[in-house]
Amino acid sequence: MVRNILASFVAVIGLVALYLIWTPAKSSRPARPPATAPSLKIAPTSDALSFARLGKQTIAVSSYANGRITGLPIGNSGEDAISLVNRLGYDGVRALIAAGGTPVTADVADLAVPVDLRDQHIAAGTNYREHAEEATVDGGPFLFVKYVTPTSSRASVAAGDALLDYEVELCLVPLAPARTDQAATGGLMLCNDVTDRATLMRNVDPERPESGKGFTSGKSAPGYLPVGELFIVPRDLDRFVSGVTLQLSVNGQERQRTEAKMWIWDLTRILAEAGAMRGREWAYWGGTARLPFDADGKVPARTLILAGTPGGTVFAGIDARAIGRGLVKWLAGGWGTSFTTHVIESQIALEKQQQRYLQPGDRMTIQVDRLGSLDNLIVK
């Protein structure tokens, strides 16, 4: 009798699950446009210093039109903008620009990463309410480590077997080792916190995603951190940020747009939270990951501090159909694997079938006045 009751129960659950797991046709994808030639505003030097790098030469940028920047070669040979500002100070660099010289013009596609950066970074998760809501994370903002060498603003990103997602972010770069008990200072640039959602879901703590577990693994593959071609040093950091609107499009269709100041933790709070987490460790591909600190307990200069992404990512929580599929697999004898794992694998399989995530040939574009742009093609 018990066996018959169990069989009936499984049958009923199966009928419910069949309703939940009905899979619609693959979503249509928009036409994939060619590379863009953006025109953007550049801040006056009274508000911010704007830099690019052509080869090893630092350029003080004065205009940005039709995919080309114009500016003044500045600094010593091989000296990047961080070293230049540290050597001369803000007003010293501004005076050097005012002294003039022979300007140069370059295509943005030919520009290098504007400053030398580290490969260990501090990143904030669910720091915008709309992204926390779409990701169904209610524990508040949290921090994790991103281990990856930044790539240029026009670098391609390999999809491989990933569920590849985008995240436009504003990033702070300390010009000198940064104390975590003082107001944030430094330069700014744009970043795309590219993510493999499949790897992240397989490694996250589903009960406590705000623990940060799994995020380093899902966000640290080579090429997962293209950065903007401009490096900006504001005179007043908070004032500059108040005028920034983050924006990202895929194949010409806007996916994300939010004022940067709508974050939950500002840059100073992110630094303070990082200081409180000094020494915490996360599992990372069989090893451990830690937030970067020097021997004096400061965040090293040239560390990217990623301030989080607004709403509009591809990932929007677990689909009810994946829950139904996972339940069927678990009830059908898959008890040796956790119910949660069955659901996650069902979600990954469903997403690969629908192809909602970034596919080879897709193009991610970010364009933000006074901060620059990114244009990254997805390849196999």
Side-chain angles (χ1 to χ4, degrees), residues 5-30 125-142 144 159 161-167 193-215 217-219 248 250-251 253-256 258 308-359 362:
I5 292 174
L6 180 60
S8 299
F9 173 74
V10 170
V12 172
I13 292 297
L15 290 173
V16 174
L18 285 174
Y19 171 78
L20 289 173
I21 64 179
W22 180 262
T23 304
K26 295 179 182 178
S27 57
S28 60
R29 304 185 67 81
T126 60
N127 197 27
Y128 287 81
R129 297 188 191 282
E130 64 271 27
H131 180 52
E133 291 171 358
E134 71 185 0
T136 63
V137 175
D138 56 11
F142 59 92
F144 59 91
D161 194 42
L163 292 180
L164 205 61
D165 207 349
Y166 50 79
E167 294 188 6
D193 182 17
V194 178
T195 304
D196 175 5
R197 297 292 179 188
T199 297
L200 197 160
M201 285 190 287
R202 285 173 172 147
N203 290 275
V204 73
D205 180 349
E207 300 299 324
R208 293 184 62 250
E210 69 277 7
S211 69
K213 183 178 182 294
F215 281 77
S217 297
K219 292 172 173 281
L248 179 144
V250 175
N251 300 331
Q253 293 189 348
E254 187 169 273
R255 300 285 186 89
Q256 295 182 286
T258 300
T309 198
T313 60
V314 180
F315 181 75
I318 301 297
D319 195 297
R321 291 165 294 174
I323 298 173
R325 286 183 174 185
L327 179 62
V328 168
K329 291 179 179 179
W330 185 72
L331 290 173
W335 305 304
T337 301
S338 72
F339 170 64
T340 298
T341 298
H342 281 301
V343 170
I344 288 172
E345 292 303 322
S346 296
Q347 178 75 24
I348 292 169
L350 181 63
E351 294 292 4
K352 288 186 175 181
Q353 182 179 16
Q354 290 186 289
Q355 296 187 358
R356 295 189 314 121
Y357 283 84
L358 296 166
Q359 302 294 315
D362 286 344

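Given the structure is predicted, the values throughout are model-derived calculations rather than measurements.
- Closest non-hydrogen pair, Ala159 versus Leu164, comes out as CA-CD2, 3.9 Å.
- Put simply, the side chain of Asp161 reaches to within 4.5 Å of the side chain of Lys352, judged on heavy atoms.
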Derivation of the side-chain contact (heavy atoms from CB on, under 4.5 Å) call for Ile344 and Ile348:
CA-CA 6 Å; Ile344 288 172; Ile348 292 169; 4.0 Å; yes

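- Summarising the geometry of Asp165 relative to Thr313, their closest heavy-atom pair is OD2-CB, 3.6 Å, with the distance given to 0.1 Å.
- Evaluation of the ring-ring contact (aromatic ring centres under 6.0 Å, His included) rule for Phe142 yields Phe215 as partners, not counting sequence neighbours.
- Of all the heavy atoms in Gly308 and Asn127, the pair that sits closest is CA-CB, 4.3 Å.
- Atom NE2 of His342 and atom OG1 of Thr337 lie 4.5 Å apart (nearest 0.5 Å).
- Residues satisfying the salt bridge (charged side-chain N to carboxylate O under 4.0 Å, His left out) criterion with Asp196, sequence neighbours excluded, are absent altogether.
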Mind running side-chain contact (heavy atoms from CB on, under 4.5 Å) on Glu345 and Arg202 for me, showing each step along the way?
CA-CA 8 Å; Glu345 292 303 322; Arg202 285 173 172 147; 2.8 Å; yes

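- In this structure, the side chain to side chain contact (heavy atoms under 4.5 Å, CB included) partners of Ser338, at least two apart in sequence or on a different chain, are Thr340, Thr341.
- Between Thr258 and Glu130 the shortest side-chain heavy-atom distance falls below 4.5 Å.
- Contact between Arg325 and Ser346 at its shortest, heavy atoms only, is CB-OG, 3.5 Å.
- Residues that satisfy the side chain to side chain contact (heavy atoms under 4.5 Å, CB included) test with Arg208, not counting sequence neighbours, are Asp205, Glu210, Ser211.
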One pair to check against side-chain contact (heavy atoms from CB on, under 4.5 Å): Ile318 and Thr136. What are the steps and the verdict?
CA-CA 9 Å; Ile318 301 297; Thr136 63; over 6 Å; no

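- With sequence neighbours excluded, the residues that form a side chain to side chain contact (heavy atoms under 4.5 Å, CB included) with Glu351 are Leu163, Gln347, Gln354, Arg356, Tyr357.
- For the atom pair OG1 of Thr195 and CZ of Phe315, the computed distance is 10.5 Å after rounding to the nearest 0.5 Å.
- Taking the side chain as every heavy atom from C-beta outward, Phe339 and Ile323 approach each other to under 4.5 Å.
- Of all non-hydrogen atoms in Asp193 and Phe144, the two that sit nearest each other are OD2-CZ, 3.9 Å.
- Using a 4.0 Å cut-off between charged nitrogen and carboxylate oxygen, Glu167 and Lys219 count as a salt-bridge pair.
- Contact detail for His131 and Thr309: the closest heavy-atom pair is CB-O, 3.4 Å.
- Contacts of Glu133 classified as salt bridge (charged side-chain N to carboxylate O under 4.0 Å, His left out), with partners at least two apart in sequence or in another chain: none.
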